[in-house]
Amino acid sequence: MGKPAETPPPRQPTAAELDHAAAVLQLLSDRTRLGIIAILLPGDELSVGEIAQRLERPVPAVSQHLAKLKSGRLVLSRREGTSIKYRLCGEHVSLLVENLLQHTEHELFAEPPHHRFAEAGETEQARSAPAAARA
């Protein structure tokens with residue numbers, strides 16, 4: 001049948017939806033947890049040790065933050081031999097954090113880095129690397 005002629009008005013979220021969204025934002029309000037998500041943005045699967053090394057944080061601290069992100073269903077894990085690999089739960093988490101980091105770039109830079117990378121024609125993965133380093 002095709003698309004409707006007009007865009008429907010935005011739907012008002014329910015109280016439960018707003019509560020859940022606020023809980024997700026609370027999980028992301030921690031610098032280490034936001035950094036973990038930013039590191040996983042390119043679609044990588046990394047172990048706790050790899051994430052801790054990139055964040056320059058102790059493994060036990062990163063492990064605790066990953067547990068919170070996992071319980072909030074923002075990251076998934078899978079066992080690979082004796083190691084556990086973590087990845088983002090889905091594209092909505094990726095888009096949420098990418099948009100947040102890009103918004104931050106607009107606030108902090110006269111010319112946001114993601115605009116410079118886009119103009120240079122670099123890939124999405126190349127653009128994600130600096131975001132991970134900033135977090």
Side-chain angles (χ1 to χ4, degrees):
M1 289 206 101
K3 294 183 180 182
E6 293 181 26
T7 304
R11 183 181 69 81
Q12 179 61 39
T14 66
E17 290 169 325
L18 291 172
D19 288 343
H20 180 78
V24 168
L25 290 175
Q26 282 182 316
L27 278 172
L28 294 176
S29 70
D30 180 89
R31 185 179 189 273
T32 300
R33 289 193 290 270
L34 189 57
I36 290 168
I37 298 287
I39 285 171
L40 296 174
L41 274 179
D44 290 344
E45 271 193 337
L46 300 170
S47 69
V48 178
E50 292 167 319
I51 295 168
Q53 183 178 16
R54 290 188 190 183
L55 285 175
E56 299 178 349
R57 302 273 297 145
V59 170
V62 171
S63 182
Q64 289 178 359
H65 286 294
L66 280 165
K68 289 180 181 180
L69 291 170
K70 188 176 174 184
S71 72
R73 296 192 308 252
L74 297 177
V75 299
L76 300 171
S77 65
R78 123 185 124 72
R79 183 169 294 281
E80 184 178 277
T82 59
S83 179
I84 298 176
K85 299 286 188 169
Y86 293 88
R87 69 182 186 279
L88 294 183
C89 189
E91 74 174 304
H92 291 104
V93 175
S94 297
L95 292 172
L96 175 66
V97 174
E98 267 186 63
N99 280 315
L100 175 61
L101 293 174
Q102 288 178 0
H103 170 73
T104 299
E105 288 179 357
H106 279 273
E107 295 297 315
L108 298 178
F109 298 95
E111 183 183 357
H114 68 273
H115 284 250
R116 289 187 297 237
F117 289 119
E119 290 169 5
E122 298 205 17
T123 65
E124 184 65 34
Q125 189 170 7
R127 281 190 282 160
S128 298
R134 284 191 311 280

Student: Check whether more than 12 heavy atoms from other residues, nucleotides or ligands sit under 6.0 Å from atom CD of Gln53, and answer yes or no.
Tutor: no
Student: Locate the shortest heavy-atom distance separating Ser47 from Ser83; write the atom from each residue and the value.
Tutor: CB-OG, 3.6 Å
Student: Does Val93 reach the side chain of Leu40, with side-chain heavy atoms less than 4.5 Å apart?
Tutor: no
Student: Restricting to non-hydrogen atoms, name the atom on Leu55 and the atom on Thr32 that form the minimum distance, rounded to 0.1 Å.
Tutor: CD1-O, 4.0 Å
Student: Kindly say whether Leu27 contributes a backbone atom to a donor-acceptor pair with the side chain of Arg33 at under 3.5 angstrom?
Tutor: yes
Student: Checking the side chain of Ser63 only, and the main-chain atoms of Pro60 only, is there a donor and an acceptor separated by less than 3.5 Å?
Tutor: no
Student: Drop me the distance from Ile36's CD1 to Leu41's CG, to the nearest 0.5 angstrom.
Tutor: 12.5 Å
Student: Working to the nearest 0.5 Å, report the span between CD of Gln64 and CG of Leu69.
Tutor: 12.0 Å
Student: Distance from Glu105 atom CD to Leu100 atom CG, nearest 0.5 Å?
Tutor: 10.5 Å
Student: Please name the pair of heavy atoms, one in Asp44 and one in Ile39, separated by the smallest distance, quoted to 0.1 Å.
Tutor: OD2-O, 4.2 Å
Student: Does some side-chain heavy atom of Leu74 sit less than 4.5 Å from a side-chain heavy atom of Val97?
Tutor: no
Student: Are the side chains of Lys68 and Asp30 in contact, using a 4.5 Å heavy-atom criterion?
Tutor: no
Student: Does Leu76 belong to the same Ile/Leu/Val/Met/Phe/Trp/Tyr cluster as Leu46, with side-chain heavy atoms less than 4.5 Å apart forming each link?
Tutor: no
Student: How long is the gap from NE2 on His103 to CD on Glu98, to the nearest 0.5 Å?
Tutor: 15.5 Å
Student: Tell me, do Ile37 and Leu96 make a side-chain contact under 4.5 Å, heavy atoms counted?
Tutor: no
Student: Restricting to non-hydrogen atoms, name the atom on Val59 and the atom on Gly49 that form the minimum distance, rounded to 0.1 Å.
Tutor: CG2-CA, 4.2 Å
Student: For residues 84-91, tabulate all N or O donor-acceptor pairs below 3.5 Å that involve a side-chain atom, not counting sequence neighbours.
Tutor:
residue : atom : partner : partner atom : Å
Lys85   : NZ   : Glu50   : OE1          : 3.4
Arg87   : NH1  : Glu45   : OE2          : 3.3

Student: State which residues pass ring-ring contact (aromatic ring centres under 6.0 Å, His included) with His92; sequence neighbours excluded, sorted by chain then number.
Tutor: none
Student: Do Gln102 and His115 come within less than 4.5 Å of each other through their side chains, counting heavy atoms only?
Tutor: no
